[in-house]
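Taking it in order: structure first as structure tokens, then the write-up.
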Amino acid sequence: MTATTHTLASGPGWRVTDVICSAGAGDRPFEEAHQDFCVAAVTSGTFRYRAQQGTAMLAPGALLLGNPGTCYECGHEHGSGDRCLSFHFGPSYLERIVAGVPDARKLAFATPRLPPLPVLAPLLAEAEAARETADMDAFEEISLRIAGAAATAATGGTHVRHAPSRRDQKRVAEAVRRTELDADGPVSLSALADETATSPYHFLRIFRQVAGVTPYQFLLKTRLHRAAVRLRMSDDTVSAIAFEAGFNDLSTFNRRFRRIMGETPGQYRSRRGA
């Protein structure tokens, strides 16, 4: 079986890989065992997945679910090739997430897959876009959200949102101020969660509920806003502005600026006289 695996991002207890398989109907099914919990989003192609939980056909938009130590088999008798964004979680990492998800108390997937559910479509599109644009910094948040969504959907639970407490609102306000102060340097979701004495998954959930965006989205917005102001008010080079705003390379800055602002930094600056 011909497959390539490329690690996109990783952190304590989690890892994201891009898996491309070119096996066809004439190839022998691939057999292996899950080392950790696995939630793999199929982005193209189809294949058959058989594990202890059962057998299922995986198609784009579906999530493959795997438990640690479980042997599995993948076959392509109905078509050639597939590509997946594979999220891997250590047991202790996933346990903390499951503890914060309503109706999801069992630390094991009982089904081999989740079908292409409409509720998961925006999140999976965001994950695929992060892969295609090499937005590796986004995967810390996306991994948390993928794990929480899979745990919720796999148990049939519904995520009932309660109004954030005053304490949670205060935590988010403090995180917002910290992000604004340190936006030009590294700001990780885990560090922000530690400072508010909450788990990363709980912090991500309340931040999004209170602020309307995720911590990473807020950080990008802050950096791009400051860069836009500098482009209008100074004659510094675009690269200098990008690095001082917290971006590590010019191409990433140009791509994100154009996606958000609708034009390149140079085009944006050229209109300041008007």
Mind checking what makes side-chain hydrogen bond (donor to acceptor under 3.5 Å, both in side chains) contact with Ser86, not counting sequence neighbours? His88
Mind jotting down which residue pairs meet the salt bridge (charged side-chain N to carboxylate O under 4.0 Å, His left out) criterion with at least one end in residues 13-25? Sequence neighbours excluded, please. Asp18-Arg83, Asp18-Arg131
Using the side-chain hydrogen bond (donor to acceptor under 3.5 Å, both in side chains) criterion, which residues pair with Asp236? Sequence neighbours excluded. Arg230
According to ring pair (Phe, Tyr, Trp, His ring centres under 6.0 Å), who are the partners of Tyr72, at least two apart in sequence or on a separate chain? His34, Tyr49
Quiz question: by atom type and distance under 3.5 Å, do the side chains of His76 and Asp82 form a donor-acceptor pair? yes
Does Ser251 offer a backbone N or O that forms a donor-acceptor pair with the side chain of Asn254 under 3.5 Å? no
With side chains defined as the heavy atoms from C-beta onward, is the minimum distance between Pro265 and Phe253 less than 4.5 Å? yes
Please identify each residue that fulfils ring pair (Phe, Tyr, Trp, His ring centres under 6.0 Å) with Phe89, with sequence neighbours left out. Tyr93
Under the salt bridge (charged side-chain N to carboxylate O under 4.0 Å, His left out) rule, what pairs show up with a residue in residues 65-76, not counting sequence neighbours? Arg48-Glu73, Arg50-Glu73
Are side-chain heavy atoms of Pro215 and Leu204 found at a separation under 4.5 Å? yes
Does the side chain of Ser234 reach to within under 4.5 Å of the side chain of Ile241, using non-hydrogen atoms? yes
If I take atom CG from residue Leu58 and atom CG from residue Leu114, how far apart are they, to the nearest 0.5 angstrom? 10.0 Å
Name all residues meeting the ring pair (Phe, Tyr, Trp, His ring centres under 6.0 Å) criterion together with Phe87; count only those two or more places apart in sequence or in a different chain, and write none if there are none. none
Pick out which of Arg167, Arg171, Arg205 makes a side-chain contact (heavy atoms from CB on, under 4.5 Å) with Thr198. Arg171
Who pairs with Thr237 by side-chain hydrogen bond (donor to acceptor under 3.5 Å, both in side chains), at least two apart in sequence or on another chain? Ser239
Among residues two or more places apart or on two chains, list those pairs meeting ring pair (Phe, Tyr, Trp, His ring centres under 6.0 Å) that have a residue in residues 176-198. none
Who are the side-chain hydrogen bond (donor to acceptor under 3.5 Å, both in side chains) partners of Thr111, not counting sequence neighbours? none
Quick note, side-chain hydrogen bond (donor to acceptor under 3.5 Å, both in side chains) partners involving residues 173-189, not counting sequence neighbours, are Lys170-Glu174, Arg178-Asp182, Arg178-Glu195
Residue pairs involving residues 134-148 (criterion side-chain hydrogen bond (donor to acceptor under 3.5 Å, both in side chains); sequence neighbours excluded): Glu126-Arg145, Asp135-Tyr216, Asp135-Arg256, Glu140-Ser190, Glu141-Thr214
